[in-house]
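Written out below as structure tokens is the structure these notes cover.
In listed order, ligands and their atoms are each counted from 1. These numbers were taken from a predicted model, which means no experiment stands behind them.
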Amino acid sequence: MKIVLIGPPGSGKGSQANLVKKAYDIPHISTGDIFRQMMYEDSPIGNEVYKYMSRSKLVPDELVMKVMNEYLNRPEFEGGFLLDGFPRTLQQAKLLDKIIHIDKAILLDTTLDVVSSRVLKRRICPNCNAVYNIEFYDKDNCELCGTKLTMRRDDNKKTIKERYKDYETLTLPVVEYYKLQGKLEVIQAEQTIENVFGSVKKVLKRWVWLF
Ligand code: AMP
């Protein structure tokens, strides 16, 4: 099944995608993780990505599509995947449809207040991209690979407001796009990670019967 996971920054897309990956063995593709890795590579494309990410701006659609076109055609993703953070604009969604057929979309819906407090508590593993919340995990190192956890440089009060605004203006039209196609399922993401995952599992179980 080819699924798109949509939601504002800090809505828990990465955490849910990791849980889905573990439980159902569906590959998790995060454009944020891909670009964070690329931005430190000393290559023309890495330098270009850095220009935008270092200012917490969205990477231009053309560049995103160039990277994703190559990525999504890899044999390991033939059987399905969960896309996290992509498509993020209507143009990306339309161009994605030309590359691959998307079966379903899940929206993790939540407010600016909730995500603002969440991102300040978020820590990530720079090695394996695992995501933690210091409220529930108070260790300094990743429990999966032992690497020292860090904070994302774009997880601060100022940029979260800008990123949420980008979400409202650029990504909500993507939500509407999948809704009109009858592919969208909305999940309230204010609850705990476990409860949200419970809702995600219910949706996936229902869909499994369809495919
Ligand atoms: P994320 O981890 O999804 O919050 O993404 C982190 C950053 O990567 C974003 O703030 C953008 O700079 C960039 N990025 C990730 N996905 C996309 C996308 N689909 N389109 C444009 N920029 C993206």
Side-chain angles (χ1 to χ4, degrees), residues 2-18 20-21 27-41 45-72 77 81-100 102 105-110 112 114-116 118-133 149-175 177-178 189:
K2 292 172 179 156
I3 305 167
V4 167
L5 191 55
I6 311 172
S11 56
K13 299 186 298 294
S15 303
Q16 294 303 321
N18 276 320
V20 169
K21 185 179 170 187
H28 167 206
I29 304 176
S30 154
T31 41
D33 289 345
I34 294 171
F35 291 140
R36 263 186 294 281
Q37 215 134 49
M38 283 180 109
M39 73 188 270
Y40 295 115
E41 283 166 13
I45 197 161
N47 295 339
E48 193 63 18
V49 166
Y50 182 83
K51 271 202 316 213
Y52 298 93
M53 289 200 51
S54 59
R55 289 182 290 133
S56 301
K57 297 279 173 224
L58 289 187
V59 176
D61 290 342
E62 200 189 327
L63 187 49
V64 174
M65 294 315 297
K66 193 173 162 193
V67 172
M68 293 314 286
N69 198 0
E70 184 275 322
Y71 213 87
L72 293 174
F77 301 130
F81 50 69
L82 189 61
L83 281 177
D84 156 10
F86 171 78
R88 224 164 172 123
T89 67
L90 189 56
Q91 200 195 7
Q92 288 179 16
K94 288 182 177 169
L95 291 171
L96 175 62
D97 278 347
K98 293 191 178 161
I99 307 175
I100 235 149
I102 293 297
I106 296 176
L107 167 65
L108 295 183
D109 201 15
T110 185
L112 174 59
V114 170
V115 299
S116 300
R118 268 193 200 162
V119 294
L120 297 178
K121 294 178 195 159
R122 175 159 63 186
R123 299 292 180 273
I124 59 161
C125 172
N127 178 47
C128 71
N129 299 318
V131 187
Y132 299 90
N133 180 323
L149 300 178
T150 56
M151 226 178 143
R152 276 172 54 164
R153 53 184 293 167
D154 57 351
D155 277 349
N156 60 65
K157 270 190 185 155
K158 183 174 174 281
T159 55
I160 187 63
K161 275 196 188 140
E162 291 163 9
R163 287 155 64 207
Y164 195 88
K165 203 165 171 33
D166 278 347
Y167 166 76
E168 286 185 312
T169 46
L170 299 169
T171 311
L172 282 182
V174 177
V175 173
Y177 181 71
Y178 289 121

Proximity to ligand 1 by part of L58, non-hydrogen separation under 4.0 Å: both

[X] heavy atom under 4.0 Å from ligand 1:
X    : result
R152 : yes
F35  : yes
K13  : no

When you measure from atom 5 (O) of ligand 1 to each heavy atom in G10, G32, S30, which option holds the nearest one?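 The residue whose heavy atom sits nearest atom 5 (O) of ligand 1 is G32.
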
Where is the nearest protein heavy atom to [atom]: which residue, which atom, and how far?
atom                    : value
atom 12 (O) of ligand 1 : K57 O, 2.7 Å
atom 3 (O) of ligand 1  : R88 NH1, 3.0 Å
atom 16 (N) of ligand 1 : T31 OG1, 2.8 Å
atom 22 (N) of ligand 1 : V59 N, 3.0 Å
atom 20 (N) of ligand 1 : Q92 NE2, 3.0 Å
atom 7 (C) of ligand 1  : M53 CE, 3.7 Å

So, K13 side chain and D84 main chain: donor-acceptor pair closer than 3.5 Å or not?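 Not at all, since once roles are kept as given, no pair shorter than 3.5 Å links the two residues.
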
Does S11 use its side chain to pair, donor to acceptor, with the backbone of T110 at less than 3.5 Å?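 Between the backbone of T110 and the side chain of S11 there is no qualifying donor-acceptor contact (under 3.5 Å).
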
If you count the atoms of ligand 1 from 1 in the order shown, which ones are under 4.0 Å from a heavy atom of F86? 19 (N)

Does atom CD of E62 have more than 12 heavy-atom neighbours from other groups under 6.0 Å away? no

Just checking F77: does its CZ atom have more than 12 heavy atoms from other residues, nucleotides or ligands closer to it than 6.0 angstrom? yes

S30 versus H28, closest heavy-atom pair with distance: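 Result for this residue pair: CB-NE2, 3.6 Å.
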
Tell me, with the steps shown, if K94 and D97 meet salt bridge (charged side-chain N to carboxylate O under 4.0 Å, His left out). CA-CA 5 Å; K94 288 182 177 169; D97 278 347; over 6 Å; no

Given R163 and D155, is the salt bridge (charged side-chain N to carboxylate O under 4.0 Å, His left out) satisfied, shown in steps? CA-CA 10 Å; R163 287 155 64 207; D155 277 349; 3.4 Å; yes

Would you check the N or O atoms of D33, main chain and side chain alike, for any that come under 3.5 Å of an N or O of ligand 1? no

